[in-house]
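For reference, the structure is listed below as structure tokens.
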Amino acid sequence: MSKRLPEKLTAPEVELLSPMLNREGDSWTAGFRGLTLRTALQPIYSISHKRVVGYEALIRAFDNDNSAVIPLHLFQLPTSKAENLLLDRLCRYLHIRNYSCVQDQLNWLFLNVSPQVVTNGSQTDSFFGQLLAETGLPPHRIVMEIVEQPADDAERLRETVAYYKKLGCLTAIDDFGAGHSNFERIWNLSPDIVKLDRKLLTRATNDHKARQILNGIVSLLHQSGCLALLEGVETRDQAMISIDAGVDFVQGFYFQKPSTDLEHLPHAPADFDCLLQEYKARNQLALDPTRQLVEFFSEFFDRAITKLCSGMSMPQSCLELLNHPAVSRCYLVDDKGIQIDDTLVSDAGNRSMDPRFKPLESTSSADWYRQQYLRQALIQPKNLHVTAPYLCITGAYMCVTLSLGYYQNGNLQVLCCDILANPNSTDHLS
């Protein structure tokens with residue numbers, strides 16, 4: 001741009017920006033500082049629906065030789081807040097104008113909004129209302145995406161997000177899980193969608209513990225009333241991790257790269273059926289070791305409980321269980337969830353003990369009622385129950401718990417047994 005912009009843009013801003021747009025066939029371009037700006041759309045898919053449910057609008061800049069200019073360079077060009085605001089609004093205007101021409105009357109358009117622009121602008125963004133009125137695009141088809149980073153004015157940001165919601169748009173927090181992101185922002189802004197940063201996925205690809213953390217974050221987002229979108233999916237393995245994490249939506253090069261060819265946008269990836277079939281097969285295999293545990297240890301439990309009911313002591317009754325190399329400990333719980341006497345620890349359990357967690361070792365009179373395995377055994381006695389691997393509080397190691405409720409002298413009790421959650425633990429079942 002050659003002329004200097006005023007510090008405050010005067011309304012109506014849509015009329016100020018309209019001359020900067022040009023029609024090229026069935027699409028629009030915009031001019032800024034000698035560059036040609038184009039809209040690129042990248043599809044966003046619902047895993048459960050197995051189809052496109054929206055597109056993220058991305059800006060692409062080209063010089064006079066039609067060579068691509070990196071977006072970072074484009075957004076470094078503004079020299080004032082006014083020009084920064086103008087560029088942000090010009091991009092939104094271009095994207096909405098282009099998306100209005102797309103033969104799609106259903107799916108969402110995800111629009112990025114700079115936090116600096118949001119917090120420096122008016123909370124009642126009259127420009128955006130004018131823009132929707134000008135293009136005829138319904139607000140319920142717009143998802144306003146705010147990059148997750150510290151804002152200069154948190155209260156103004158909250159008011160602006162509230163304005164977009166009042167207008168009828170959905171809101172999304174972008175890049176959650178990177179930098180300064182935290183759940184306080186989720187609670188304050190109550191977004192409809194949270195986009196998880198690709199770094200979470202990269203870590204989950206190489207680290208099983210990070211994968212569990214990713215699954216936990218998705219669960220917390222759902223409990224907070226937010227839909228979860230995982231971006232940056234680039235490989236089939238990452239697609240499988242996304243499915244297992246329980247996210248609602250996925251986006252990334254594995255499915256489709258951003259495209260400026262708006263006339264031939266993809267509507268459905270070909271291999272979602274294959275991905276989900278593979279996930280089902282993997283999940284079925286993952287359950288097999290659990291079933292093995294139940295089948296293998298059923299007779300051990302039956303013999304131990306028979307001995308307990310005949311009056312034998314807990315150490316005598318559970319000796320066979322404790323001698324098994326996969327078993328770490330056995331303990332008895334009453335119908336109120338209170339542990340009877342102390343825990344019996346096997347040689348394997350002693351070897352797994354970490355002296356740093358010694359304050360947690362004694363569990364006499366501990367209350368385990370909150371544990372699902374205990375409640376299941378109380379509700380369904382005479383059935384052997386088994387948990388998924390979890391972190392055992394008594395030693396801070398991963399274990400699987402088997403539990404069986406039985407009656408002794410008319411009183412309901414539960415015999416519990418912890419199994420070391422070693423991926424190869426089923427090799428010991430012989």
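Computed from a predicted model, the values in this text were never measured in an experiment.
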- Query: For R375, which residues count as a salt bridge (Lys or Arg N to Asp or Glu O under 4.0 Å) partner, sequence neighbours excluded?
  - Reply: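 Here no residue qualifies.
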Using atom types as modelled and distance alone, determine if a side-chain donor or acceptor of [X] lies under 3.5 Å from a backbone N or O of [Y].
X: N66; Y: F62; answer: no
X: S219; Y: N215; answer: no
X: R60; Y: T260; answer: no
X: S346; Y: G349; answer: yes
X: E145; Y: I173; answer: no
X: K195; Y: I146; answer: no
X: S259; Y: D261; answer: yes
X: D334; Y: K336; answer: yes
X: E278; Y: C274; answer: no
X: S46; Y: R51; answer: no

So, using side-chain contact (heavy atoms from CB on, under 4.5 Å) as the criterion, who are the partners of [X] when residues are at least two apart?
X: Q380; result: N383, H385
X: E24; result: T29, R38
X: E184; result: N182, N188

Are the aromatic rings of [X] and [Y] close, with centres under 6.0 Å apart?
X: F272; Y: F255; answer: yes
X: F128; Y: Y164; answer: yes
X: H324; Y: F297; answer: yes

Between [X] and [Y], which heavy-atom pair has the shortest distance, and what is it?
X: R211; Y: T205; result: NH2-O, 3.9 Å
X: V113; Y: R92; result: CG2-CD, 4.4 Å
X: S403; Y: C416; result: CB-SG, 4.1 Å
X: G246; Y: H222; result: O-CE1, 3.2 Å
X: E231; Y: D174; result: OE2-OD1, 3.2 Å
X: L420; Y: A348; result: CD1-CB, 4.2 Å

- Residue list, ring pair (Phe, Tyr, Trp, His ring centres under 6.0 Å) with W108, at least two apart or on another chain: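 Expected list: F249.
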- Plane angle bin for W368 and Y331 - parallel if under 30°, tilted between 30 and 60°, otherwise perpendicular: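 Tilted, since the angle between the ring planes falls between 30° and 60°.
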- Would K257 count as a cation-pi partner of F253, with NZ or CZ less than 6.0 Å from the six-membered ring centre and within 45° of the ring normal? yes
How long is the straight-line distance from [atom2] of [Y] back to [atom1] of [X], given to the nearest 0.5 Å?
X: L111; Y: M144; atom1: CG; atom2: CE; answer: 5.5 Å
X: N107; Y: L41; atom1: CG; atom2: CG; answer: 11.0 Å
X: C91; Y: I96; atom1: SG; atom2: CD1; answer: 11.5 Å
X: D197; Y: R203; atom1: CG; atom2: CZ; answer: 8.0 Å
X: T79; Y: N84; atom1: OG1; atom2: CG; answer: 10.0 Å
X: S242; Y: L196; atom1: OG; atom2: CG; answer: 9.5 Å

Are [X] and [Y] packed together at the side-chain level, in the sense that at least one heavy-atom pair is separated by less than 4.5 angstrom?
X: V414; Y: L374; value: yes
X: T171; Y: V143; value: no
X: I47; Y: D248; value: no
X: I241; Y: D237; value: yes
X: Y55; Y: V102; value: no
X: L86; Y: L16; value: yes
X: L229; Y: V247; value: no
X: D104; Y: Y99; value: yes

Mark yes when over 12 heavy atoms from residues, nucleotides or ligands other than [X] sit less than 6.0 Å from its [atom1]; otherwise mark no.
X: E361; atom1: CD; answer: yes
X: Y369; atom1: OH; answer: no
X: E299; atom1: CD; answer: no
X: R23; atom1: CZ; answer: yes

- Apply side chain to side chain donor-acceptor pair (under 3.5 Å) to D418 and T401, showing your working. CA-CA 4 Å; D418 288 352; T401 297; 2.8 Å; yes
- salt_bridge(D192, K165) N-O dist < 4.0 Å: no
- Message: Test side-chain contact (heavy atoms from CB on, under 4.5 Å) on R97 and E134; report intermediate values, then the result.
- Response: CA-CA 9 Å; R97 178 64 76 183; E134 173 89 7; 3.6 Å; yes
- Message: One pair to check against ring-ring contact (aromatic ring centres under 6.0 Å, His included): Y45 and Y254. What are the steps and the verdict?
- Response: CA-CA 12 Å; Y45 300 95; Y254 176 77; 9.9 Å; no
- Run the side-chain contact (heavy atoms from CB on, under 4.5 Å) check on L230 and L214 step by step: do they pass? CA-CA 10 Å; L230 192 53; L214 173 61; 4.3 Å; yes
- Message: Is there a side chain to side chain donor-acceptor pair (under 3.5 Å) between Q339 and D367? Walk through the geometry before answering.
- Response: CA-CA 6 Å; Q339 183 167 327; D367 192 328; over 6 Å; no
- Task: Given side-chain contact (heavy atoms from CB on, under 4.5 Å), test M240 with D244 step by step and report yes or no.
- Result: CA-CA 6 Å; M240 296 304 300; D244 185 62; over 6 Å; no
- Report the residues that fulfil side chain to side chain donor-acceptor pair (under 3.5 Å) with R356, sequence neighbours left out, ordered by chain and then residue number.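 For R356, the residues satisfying side chain to side chain donor-acceptor pair (under 3.5 Å) (neighbours in sequence not counted) are D354.
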- CA sep, side-chain torsions, deciding dist, call: L378, L412, side-chain contact (heavy atoms from CB on, under 4.5 Å): CA-CA 8 Å; L378 291 173; L412 179 58; 3.6 Å; yes
- Task: Applying side chain to side chain donor-acceptor pair (under 3.5 Å), run through Q251 and Q42 and close with a yes or a no.
- Result: CA-CA 8 Å; Q251 174 184 1; Q42 184 175 33; 3.0 Å; yes
